[in-house]
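Quick caveat: nothing in here was measured; it's all calculated off a predicted structure. Only heavy atoms go into these numbers, but all of them, side chains included; no hydrogens, no water, no symmetry mates. Lettering follows sequence order; numbering is per chain, from 1.
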Amino acid sequence: MSATAYRTHRCGALSRAEVGRQVRLGGWVHRRRDLGGLVFVDLRDRDGLVQLSCNPAWSPAPVMERAAALGAETVVLVTGTVQLRPEPARDADLTSREVEVHVTGLEVVGPAQTPAIPVARKEKEELPAEELRLRHRVLDLRRPELQANMQLRHRLLQRARQVLTELEFLEIETPILTKPTPEGARDYLVPSRLHPQEFYALPQSPQIYKQLLMVAGYDRYFQIARCFRDEDLRADRQPEFTQIDLEASFVSPDDVQNVVEQVLLELWQEAGVQVDRPFPRLGYREALEQYGSDKPDLRFGLEIRDLSPLVGHDAASFVTEARAAGSRLRGIVVSGGGAFSRKEIDGLAALAKEAGAGGLIWARRAAGGWEGQGVKAAGSTLLERLGGSEGDLLLAVVGTDAVSSSALHAVRTALTRLPGVKRLTDHAFCWIVDFPLFETDADSGEHVPAHHPFTAPHPADLSQLKLDPGSCRALHYDAVYNGNELGSGSIRITDPAVQREIFSLLGLSEEDIRRRFGFLLDGLGAGAPPHGGFALGFDRIVMLLAGATSLRDVIAFPKTTAARALFEGAPAPVDPADLRALHLEAKP
RNA sequence: GGGGCUGUAGCUCAGCUUGGUUAGAGUGCCGCACUGUCACUGCGGAGGUCGCGGGUUCGAGCCCCGUCAGCCCCGCCA
């Protein structure tokens, strides 16, 4: 299959099976070891390495000469015979190490300048600075680690296509040049040449299109969709990213979750991990109460407890006063946490403060009873009521629920990285359900959609939509894995009247609604089936399954945190004439 | 928009604490030697805008201010 006019095999594919065969290979010079009379070359391609052995006993003089002059990363074509290595390979895990190629012909077809960053790295040698890796992306992409990541990415993509196709989903493409319809994030805009002062927007997601496909009767849609959001970046966020986007008609939340679970199961299986179904479901309120987060890492217990009922009269005044003001005392008991150093505990306290807590109350249970700063703060009555056993560590926070949740979530996340903290499992999926429909904007105090404005309200809460929008739940669900949000979805609004009401709750005038979302409302009025869907953050999934720590390691040509492409040099200024054609003027 | 870390040879880093002769190491590169290496080995050599700009000082890689770039986090973002 991999044979071409130039080669019979890939370098990394040679094994005992080919011993004695005459082969032709093409690849990159990974490393060269020149012993004077003998030259060994590790030749690399996407399948791996094979050792070339150049020896006057079988290599003609010109071959010896050329082999001795080979620079790193040069592309060569080689002819030779596959032979077992004289000595048992030291690295038996690399099958190609069992054999080598006795070179009879060697031709340089792609001379290479000395690489600016090394492709062949020594053991434990640090990676070059990320800036250089991005600038010299071609060289970085040659590294076996990134080759493996990109190959995994391909396999996951194909697997997703396969399983969704088996589930009768149709892959349908939607426009990249779309209408600016803000869903929360800033749009990337594209000026129109034919229509002065008008703009396309790149899609933040194919949300409205996929809903209209449901209205159009396509019943089950999916797309490996590129999405664009002009927001500030993070290690796990890029300005353009890929979603496995899907939508289905006549479905309940369970139906959608069922499909998503099947997709995730197959993707994890492709990466060699067996996943149990169904995933546990956890209410949004419950998740915040027990874990302080709507994306809890359920590989760990470490549940948050409400300690308020245990507070006695001997608690410190700042605790009793906060209690009187309506705050709660919440905490985590870490079994075995008594062994943490003071430095580790101080580190946790710093995180709690950073998250807005006044401080972290802590106490550990030694042989003689509870000790530590928390004995005074929480009061010994509380600690007696709490009980516990020797070696326990109590970490607690007083404050509003919002503060204690985010502080304890930060503490809990840090705890999971400390040595000796017990893990219940390696792979913990869950669904977070019953999200609120609206959030209150911190600045304006106005209602904003918790997700996007097309999410259907929970039927049980529909009657409160006007009276008390804040208490309305949504038919929205998130898939969470090991503390990472993999994606989210919902049942959509199909009643145009309800959709109008949501828009107007968001402060849109009738005219705004018409202008911005008229085509959606017309669609919904044309006979809309009940429908819902989901979008999985594909890059993040690849990152997690590849064991990478950055999205940039699973994207061939990523952007920096300032949204620059260092390799090709985007964005870039354009010729004023080109701007004029677009009816634009660049102001300094 | 805010905070933090980093920037010295092609690459990875030391030097900065406490300003002072000619800025070092490993690796890569170049040359020589070497017939079973696999991070080959040995010997020799070249290689520096200490990110950039300004300031303090007799003197700045080192101190101060600004700026640029990369990374991480908060805000933002599904």
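Side chain to side chain, A:Q257 and A:E261 fail the donor-acceptor criterion of an N or O pair below 3.5 Å. For the 3.5 Å distance criterion, the side chains of A:Y291 and A:D297 fail to qualify, holding no donor opposite an acceptor. A:T494 and A:R492 share no side-chain donor-acceptor pair at under 3.5 Å. For the residue pair A:Q243 and A:S205, no side-chain donor N or O sits within less than 3.5 Å of a side-chain acceptor on the partner.
Dense packing is recorded around CH2 of A:W268, with more than 12 heavy atoms of other residues, nucleotides or ligands lying under 6.0 Å away.
Taking the six-membered ring for Trp and the full ring otherwise, A:F534 and A:W431 have centroids separated by under 6.0 Å.
Across the C1' atoms, B:A23 and B:C30 are found 23 Å apart, a figure rounded to whole Å. Separation of the C1' atoms belonging to B:C63 and B:C72 is 27 Å when rounded to the nearest angstrom. For the P atoms, the distance from B:G1 to B:C64 is 26 Å, rounded to whole Å. If you take atom C1' in B:C11 and the same atom in B:C29, they sit 11 Å apart, rounded to whole Å. When the P atom is compared between B:C16 and B:G61, the two are found 14 Å apart, to the nearest whole Å. For the C1' atoms, the distance linking B:G10 with B:C5 amounts to 25 Å, nearest Å. Straight-line distance between the C1' atoms of B:A60 and B:C71: roughly 28 Å, to the nearest whole Å. Taking atom P on both B:A9 and B:A14, the two are 12 Å apart, rounded to the nearest angstrom.
Using cut-offs of 30° and 60° on the angle between ring planes, the pair A:Y284 and A:F435 is tilted.
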- Heavy atoms under 4.0 Å is the rule here; annotate nucleotides 70-75 of chain B 5' to 3' with B where the base is hit, S where only the sugar-phosphate is, and - elsewhere. SBSSBB
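Sorted by first then second residue, the ring pair (Phe, Tyr, Trp, His ring centres under 6.0 Å) pairs that include residues 36-68 of chain A, not counting sequence neighbours, are A:W58-A:H102.
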- For the pair A:F438 and A:I502, evaluate side chain to side chain contact (heavy atoms under 4.5 Å, CB included) and give the outcome as yes or no after the intermediate values. CA-CA 10 Å; A:F438 296 103; A:I502 297 283; 4.0 Å; yes
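The nearest heavy atom of RNA chain B to A:R31 and to A:P128 marks one nucleotide each, and the one closer to the 5' end goes with A:P128. Nearest-nucleotide positions on RNA chain B for A:G71 and A:D34 put A:G71 closer to the 5' end.
When both pairing distances are held under 3.5 Å, B:U56 makes no Watson-Crick or G-U pair with any nucleotide shown. Remark: B:C5 base-pairs with B:G70. Criterion, Watson-Crick or G-U wobble with two distances under 3.5 Å. Across all strands shown, B:C38 forms no Watson-Crick or G-U wobble pair with both distances under 3.5 Å. In this structure, B:G45 and B:C29 make a Watson-Crick or G-U wobble pair, each of the two defining distances being under 3.5 angstrom.
Within 3.5 Å, a donor on the side chain of A:Q51 pairs with an acceptor on the base of B:U37, or the reverse.
A:H476 comes within contact range of at least one nucleobase, with a heavy-atom separation under 4.0 Å.
Under the side chain to side chain donor-acceptor pair (under 3.5 Å) test applied with A:D140, the options A:R142, A:R143, A:H136 reduce to a single match, A:R143.
Residue A:R33 places no side-chain N or O under 4.0 Å from the OP1 or OP2 atom of B:U37.
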Between the protein and nucleotides 6-10 of chain B, are there any N/O to N/O pairs under 3.5 Å, and if so, what are the atom names and distances?
from  : atom 1 : to     : atom 2 : distance (Å)
B:G10 : O2'    : A:A116 : O      : 2.7

